[in-house]
Amino acid sequence: MSSTRQLGAEGVELYTWSQLRTDEGYVRLMAGHLGSQVVRVDVTIRAEKDDSSRTAHAFVRDGYFAAWYPEGVDEANTNSTTLTLHLADGSTVSNISASRLHEQPKLD
C-alpha cells in the first residue's frame with residue numbers, strides 16, 4: 001500500500017476491484033486511496049462489442065473512494081474500465097486504466 005505522501009497530489013491506488021455474481025448479472029466493486037488534490041472520481045465502463053459507455057460517479061471522502069456498477073453476464077470479461085480524477089484546481093487526469101491500476105498504483 002502506498003502512503004499519502006507517495007500518492008502526491010494526483011495519484012491513485014486501487015485497493016479492490018472485485019466482482020460479485022447475482023441472479024441478474026454481475027456487480028463490480030471498486031475502492032482505493034487518492035492523492036491529496038483529488039476531489040472526484042468518475043469510472044467509465046466501455047463495452048467492447050458496441051462502443052457504448054456509461055459512467056459511475058464514485059463516493060469520495062477523506063482521501064479514499066468507493067464505487068459500484070452493474071455488469072451483464074456477457075459483459076463481465078469484455079469491458080474496458082478507466083478512471084478520471086478531478087482535481088481541486090478544476091483540472092483532470094483521465095484515461096487511467098483500471099486493469100493496470102489494479103496491478104500498480106499511479107503515483108504523482
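Excluded from the calculations below are hydrogen atoms, water molecules and symmetry mates; all remaining heavy atoms, backbone and side chain alike, are included. Quick note: residue numbers are just sequence positions, from 1.
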Chi angles and distances behind the side chain to side chain contact (heavy atoms under 4.5 Å, CB included) call for L7, L34 = CA-CA 7 Å; L7 289 174; L34 298 168; 5.8 Å; no
Can you list, pair by pair, the side-chain donor-acceptor contacts under 3.5 Å of residues 100-108, counting residues two or more places apart and other chains?
from, atom 1, to, atom 2, distance (Å)
K106, NZ, E10, O, 3.1
D108, OD2, A9, N, 2.8

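- The shortest side-chain heavy-atom distance between V39 and V60 does not fall under the 4.5 Å cut-off.
- Between the CG atom of L14 and the OG atom of S2 there is a distance of 11.5 Å, given to the nearest 0.5 Å.
- For the pair R28 and Q19, the tightest heavy-atom approach, listed with the atom from each and the gap, is NH2-NE2, 3.3 Å.
- Legend: residues meeting side chain to side chain contact (heavy atoms under 4.5 Å, CB included) with A98, ordered by chain and number and at least two apart, are W17, M30, T81, L83.
- G11 approaches L85 most closely through the heavy-atom pair O-CD1, 4.2 Å.
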Would you be so kind as to tabulate the donor-acceptor pairs closer than 3.5 Å made by side chains of residues 86-93, with sequence neighbours excluded?
from, atom 1, to, atom 2, distance (Å)
H86, NE2, R40, NH2, 3.1
H86, NE2, D42, OD2, 2.7
D89, OD1, S91, N, 2.9
D89, OD1, S91, OG, 2.6

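- Contact of the Y69 side chain with the V43 side chain is registered, since non-hydrogen atoms from C-beta on lie closer than 4.5 Å.
- Residues meeting the side chain to side chain donor-acceptor pair (under 3.5 Å) test with T4, sequence neighbours left out: H33.
- Rounded to the nearest 0.5 Å, atoms CZ (F65) and CD (E13) are 10.0 Å apart.
- Residues meeting the side chain to side chain contact (heavy atoms under 4.5 Å, CB included) test with F59, sequence neighbours left out: R61.
- Between atom OG of residue S18 and atom CH2 of residue W68 there is a gap of 13.5 Å, rounded to the nearest 0.5 Å.
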Going through the checks in order, is the side chain to side chain contact (heavy atoms under 4.5 Å, CB included) test met by I96 and V12?
-> CA-CA 9 Å; I96 301 169; V12 59; 4.3 Å; yes
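- T44 is linked by a side chain to side chain contact (heavy atoms under 4.5 Å, CB included) to R46, S53, T55, T82, counting only residues two or more places apart in sequence or in another chain.
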